[in-house]
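Naming convention: chains lettered A, B, ... in sequence-line order (proteins, then strands); numbering from 1 in each chain.
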Amino acid sequence: MTTTRSRQDRDPEAARSRDRYEPSTIEAKWQERWEREGVYRTPDHVPGKDNWYALVMFPYPSGDVHIGHWYQYAGADAHARFKRMQGYNVLHPMGFDSFGLPAENAAIASNIHPRIYTEANIANMRRQFRSMGAGYDWDRELETHSPEYYRWNQYLFLKLYKAGLAYRSRGFANWCESCQTTVANEQVLDGACERCGTTIVRREMDQWFFRITAYADELLEMDDLDWPNKIKVMQANWIGRSGGVDFDFDISEYGLAETRLTTFTTRIDTVYGATFVVLAPEHPLVEQLTQPEQRESVVGYVEQAARTSEIERTSTEREKTGVPTGAYATNPLNAERVPILVGDYVLATYGTGAVMGVPAHDDRDFVFAKKYGLPVRVVIAPDDWDGSDLEEAYLAPGTQVNSDEFDGLPSAESIERIADKIEAGQIGHRRVTYRMRDWQFSRQRYWGTPIPIIHCKSCGTVPVPVSDLPVRLPDEAEFKPTGRSPLADDPDFINTICPDCGEPARRETDTMDTFVDSSWYHLRFASPQESEAPFDPDAVRAWLPVHQYMGGAEHAVMHLLYSRFFGKALRDLGLVDFDEPFTRLFNQGLLIKDHRKISKRSNPLAPDALVARYGADAIRCYLMFLGPWDQGGDWSDDGLSGITRWLNRVWDLAVRDIAGLPEVGDPETERELVRAAHKTTRRAVLDLERFKFNTTIAALMELSGDMNRIWDRGSVTAAAWSDAIERMLLITAPLAPHIAEELWERTGHPFSIHNEALPGWDDELAADEVITVVVQINGKVRERLELPADVTEDQAFEAAFASDRVKSYLDGAEVVRRIYVPGKLVNLVVR
RNA sequence: GCCGAGGUGGCGGAAUGGUAGACGCGACGGUCUCAAAAACCGUUGGGCAUAACGCCCGUGCGGGUUCGACUCCCGCCCUCGGCACCA
C-alpha cells in the first residue's frame, strides 16, 4: 500500500520517531514560540488591514478552565483566528471577572484572603488557556479586582451619579440569606438566588440603583442588532413594556389628603365592569382607608403578607386571598361605589400598586370574585354571547355592553375612546409601564468595588472627588458576612473627612455588583494600560463597537442588558459615540455529557488530563465537531478517536515524501485533486463564517480521504499535491493551530501559518465535470444518470427517455408534465 | 399559561423546496500480525425479495399545499430554555 511506503522506505525506527504526530511535544513548542515572537500581539492599527474585535465573555476565575469553558473558548478562538486569516487585524483579548462571592466564600471557608485565592486561580487558568493554544493578546489582559481596573468602575459610577443615573433609595430589596447580600431582580430566578438557590426574602433597606429604566424604550430598539432572536425576545420580555391608563377612583368621601385612588390597567375598555378595587398590602393608602371594624383583619393580613416569601407570593398556583378594608371607591365614569380590598396578588412594585377588579375580563379577578362573592358584570360581549353567566373570564376583544355611551362599539375602538374621555375629564391619563425595575447594584460584601461615596452629617451624600480615586479595598478585613458589608467593621476604612466641609464623615461601605465590572470591560480592552481615563478614546474608536461577541445565553437579561445600558449612559455622557456595544452576538450552546450538564462536582471531565493524553488540538476539534456550536454538544469519550484518526491522517498526508511524484501527472486525477481542494476551501470558508465548525471539519475529513485515495494512484505532480496540502493546512489552522503550524514548517513554509491568509477558491475549478441527474417519475426517484456538468435541458430529457428503466415506467403512460432542475433532476409526471 | 428553540439510523449529527442519513462514533466482515493494538479496505435506516433487475416503508403524530416536503402551511404530542398573579 502506497500510504505507508514513504515510511517503510526509510529506517523504520528512526522514521517513526521523527514522523509520528506527538501533540504534547509540538504543542508546547509552538505555544512557547508564539508567545516569544508575539504572534498574537495586537496593535491598534495595521496599515492595510481593517480591525476586527472578537470578544468572548471573560470567565470568573473559579480556578479551572473546565470543559464547558473549553467548548466556549475554543470555538471563539477558532472564529477569531478565522477572521485573522481573512486579513483582519483581530483583537481577541482575555481577562478575568475576578471580583465576586465565590472567592470570598472560599476565603471564609479556608481562611485564605480572597485576593490570594483569586490570583492563584487566575495563574492556573492562564496556564490552561495557554495549553489550549488560544490566540490571546496577553499584553491586554485585565483583572477586574485590580485597583487599576476598579478605580474606573468608581469613576464611571461618579459620572452616572452626577448625571442622576445612579441613586440611593430605601425600599424592599431582594435579600439572599445565604449570600448575606442583596441581589438585583435579574439575579433572582424563580424567587431564588441565581447564584446559590436560596429563597430570596424581601428586606427593607437603603440600596443603590442605576436608572436603567430611563433607557427602557431605547433598550427595546434591537432591530439593528445582529443578535440571536432568542436573546432579543428575552430582553423585550424582561423590559415588559405595556401601554395602559392610570385611572382614578374617587375616595373623597373619607376626607383624606388623597381624594383619588389611582389604578393602572391595560384594559380600560373593561372599566365599566369594575366591581371592586384591590390594593397591594404595601400600598400607602391601606392604613388610612381601613375602617375600624376591619382594622384587625387588615393589619393581620398585611403582616402575614410581609412574612410571605416572594417566591410564594408570586406563585400562580397559589390561591388568591384578600380582605375587605370596609372602604369604598367611586368609579367616576358611572358613579358606582365599589368595595376596596387588600390582596397580595397585587404587586406594590408594578403600575400603581392598585388595580380595578374586572372579574368578567381578567382571570385573576375572576377567581378572586368567585371566592369572595363579588359581582361579575360582562362589559365586553363575545360574538355569540347569549347573556348568560361566564364560565371563565372572557379576555378576547368583543362588543361593548353595559358601558353607557360606548355600548355597541367594538372593544378595540372603545379602548381608545374611553381613554380619550378619561383624559378629557381629568380622571386619569394614558401611561406606559415597564416590568423592568432599576438595577439594584449595591452588595453587602467585601470582595467588590467600594462605592465611592461619603456620608456626611451636614452635607449628606457626597461623592468622593475623582482625584481621590481609587477608594481602595482594605487588604485586611474580617470577611465573615454579618448582613452588612465587612467594610463597615473597618474603622480605618469608614472614618474619613467630608470632601465638602472637612468634618469627620463615614464612607459608604457597600460594594458594587460584579456586573458593573463587566458592563464596560469591552471598552477597557481597547486600552487596558490607560492610566488617565477608563479608556483611551482613540483606541475605543479603533476597536468599538465589538464586531463579534461570543458567549452563553445565560446572560441574556443580566450582563447583556446591563452592558447595553452602560453603553447608552456613557454615550449620553459623551464618553463614547455609538449606541450599542456588541454589533453581532453569537451564543454557543451548552455542553452536556450523558444527558446531564457537566459540572465540577457531579459530572466531571478534567481538560488537563485530556490535553495530556490527546493534545489540545484534538480536544478543540472534537468539541467543535460535536454539532452546531449554537446548539451545544453531547460529549462522549468514544468520539474522540475519530478526531484523533483524522489528525493523524492529516499529519501522515502532509509529511509524505513528494520527491517520488511524477513530473507529469494524469490530467484527470490532477483535476480531481484540485477540485477536491477548491470545494473544501469553499465549504470551509463559508461554514467558518457562520460558526459551523462541525461541517468545516467534516469537509476537511472528506478532503483527507480523497487525497489519500488520489495519492495511491501515484499520478499527480508534486506541485498539485503541495497546493492541496497547503490549502488543507491553512483551513485547519484556526481549528487546530498547533498541528497546522508544525506541518506548515515541515512542508517548507516560513513561520507562522497564523500570519498567512486563507486560500481563495475558484468556482470553476471546484465545479464537477460529471453530475448525477436524478430522474423522478411522479416525484419518486427511479433512475440516476451520470451526465456532463454542462448538460442542457433537452439533453437531460433525452438521456432520461433513453433509459431502459425510465422506459419501463413510461410504458402505456402519458407524460403530462416535465420538470427540470438544472444540474439536479428531471421529474416526469405521468398518467 | 405565555414566549423561544428543537424532535432525522444503535449514538453525535448532515441536508432549509429537488438523490434523506454527509462526516464521525459504534457494530460487523476483511487486510496486515505469532497474537493483540494501531492503521487501512468494505458493509451498516427498516421491511419484502424469484437475491437479479428490484419493490415498499421511513425525518415526533394527523391533515394540507406542491410535479416534488425533513424543509412551507394548519392542528396536536413530546423535550429543552426563558418568563410567569406585571393588571
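Closest to the D344(A) side chain, of the nucleotides C23(B), C85(B), C41(B), is C85(B). Nearest to the side-chain atoms of N237(A) among the listed nucleotides C3(B), G18(B), C41(B) stands C3(B). Checking A87(B), G18(B), C56(B) against every side-chain atom of I819(A), the shortest atom distance belongs to G18(B). The listed nucleotides are U19(B), C67(B), A84(B); the one nearest the side chain of R784(A) is U19(B). Checking G18(B), A15(B), A84(B) against the side-chain heavy atoms of N827(A) singles out G18(B) as nearest. Among G13(B), U19(B), C23(B), the nucleotide with an atom closest to any side-chain atom of E702(A) is C23(B). Each of U19(B), C67(B), A14(B) was ranked by its minimum atom distance to the side chain of V774(A); first place goes to U19(B). Taking every side-chain heavy atom of V781(A) into account, A20(B) is the closest of G18(B), A15(B), A20(B). For R649(A), counting side-chain heavy atoms from C-beta on, the closest listed nucleotide (U19(B), C40(B), G13(B)) is C40(B). Looking at the side chain of M234(A), the nearest of the listed nucleotides A22(B), G82(B), C83(B) is G82(B).
In this structure, G9(B) shows a glycosidic angle within 90 degrees of zero, which is the syn conformation.
Among the protein residues, T433(A) comes within range of no part of the nucleic acid, since none of its heavy atoms lies under 4.0 Å from any strand. Residue N694(A) is in sugar-phosphate contact alone, with no base atom involved, counting any heavy-atom pair closer than 4.0 Å across all strands shown. Among the heavy atoms of the strands lying under 4.0 Å from K780(A) are primed sugar atoms or P, OP1, OP2 only; no base atom is included. In this structure, R683(A) reaches neither bases nor backbone, as no heavy-atom distance under 4.0 Å exists between it and the strands shown. S636(A) comes within 4.0 angstrom of no nucleic acid atom, judged by non-hydrogen atoms across all strands. Contacts of V821(A) with the nucleic acid, taken as non-hydrogen atoms under 4.0 Å apart, include base atoms. Using a 4.0 Å heavy-atom cutoff across all strands shown, K692(A) reaches sugar-phosphate atoms only and no base atom. Counting any heavy atom pair closer than 4.0 Å across all strands shown, V346(A) reaches a base atom.
Comment: D248(A) engages R260(A) in a salt bridge, judged by a side-chain N to carboxylate O separation of less than 4.0 angstrom. A salt bridge links E416(A) and R430(A); the closest N-O separation between the charged side-chain nitrogens and carboxylate oxygens is under 4.0 Å. At a threshold of 4.0 Å, the pair R241(A)-D217(A) counts as salt-bridged, since one of the basic side-chain nitrogens sits closer than that to a carboxylate oxygen. Checked for salt-bridge contact, D768(A) and K679(A) meet the test: a charged N lies under 4.0 Å from a carboxylate O. Using a cut-off of 4.0 Å between Lys/Arg side-chain N and Asp/Glu carboxylate O, D706(A) and R709(A) are scored as salt-bridged. Under the 4.0 Å criterion applied to side-chain N and carboxylate O atoms, E783(A) and K807(A) are not assigned as salt-bridge partners.
For the pair M701(A) and P628(A), both in contact range of RNA chain B, the more 5′-proximal nearest nucleotide belongs to P628(A). Judged by closest nucleotide on RNA chain B, L626(A) is the one of W238(A) and L626(A) placed further toward the 5' end.
Distance check on atom C1': C3(B) versus G12(B) gives 29 Å, rounded to whole Å. Taking atom C1' in both C80(B) and G75(B), the straight-line distance is 22 Å, to the nearest Å. G45(B) and A22(B) have their P atoms separated by 8 Å, with the value rounded to a whole Å. Taking the C1' atoms as reference points, G13(B) lies 13 Å from A20(B), given to the whole Å. Across the P atoms, G6(B) and G58(B) are found 24 Å apart, a figure rounded to whole Å. Comparing the P positions of G21(B) and A15(B) gives an interatomic distance of 13 Å, to the nearest angstrom. To the nearest whole angstrom, the two C1' atoms, one in A49(B) and one in C57(B), are 14 Å apart. Across the P atoms, G24(B) and U79(B) are found 34 Å apart, a figure rounded to whole Å.
Atom C1' of nucleotide G82(B) and atom CD1 of I239(A) are separated by 15 Å, given to the nearest angstrom. Regarding H555(A), its NE2 atom lies at a distance of 13 Å from the P atom of G82(B), rounded to whole Å. The CD-P distance, from Q187(A) to G82(B), rounds to 16 Å in whole Å. Distance N648(A) CG to A37(B) P: 17 Å, rounded to the nearest Å. Here G1(B) presents its P atom at 13 Å from CD of E392(A), a figure rounded to the nearest Å. The distance from atom CD1 of I731(A) to atom P of C23(B) is 17 Å, rounded to the nearest whole Å. Regarding D804(A), its CG atom lies at a distance of 19 Å from the P atom of A52(B), rounded to whole Å. In this structure, L647(A) atom CG and G24(B) atom P are separated by 13 Å, rounded to whole Å.
Ring planes of Y820(A) and F797(A): tilted class, angle from 30 to 60°. Relative ring orientation between F368(A) and Y345(A) is described as tilted, the plane-to-plane angle lying within the 30° to 60° band.
Counting atom types as modelled, D638(A) pairs no side-chain N or O with a base atom of C25(B) as donor and acceptor under 3.5 Å.
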Structure string for RNA chain B in dot-bracket form, Watson-Crick and G-U at under 3.5 Å, | interchain:
(((((((..(((.....[....)))((((((.......))))))((((.....))))..(((((..]....))))))))))))....
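For R431(A), the salt bridge (charged side-chain N to carboxylate O under 4.0 Å, His left out) criterion is met by D246(A), not counting sequence neighbours.
Counting heavy-atom neighbours within 6.0 Å of K371(A) NZ, excluding the residue itself, gives a total above 12.
The phosphate of A22(B) has neither OP1 nor OP2 within less than 4.0 Å of any side-chain N or O from T695(A). Listed pair R435(A) / C2(B) fails the phosphate criterion, with no side-chain N or O lying under 4.0 Å from OP1 or OP2. One finds a side-chain N or O of R645(A) lying less than 4.0 angstrom from the OP1 or OP2 phosphate oxygen of A39(B). Applying the 4.0 Å criterion to OP1 and OP2 of G26(B), one finds that S641(A) has a side-chain N or O inside that range.
Taking the six-membered ring where the residue is Trp, the centroids of W646(A) and F625(A) are separated by 6.0 Å or more.
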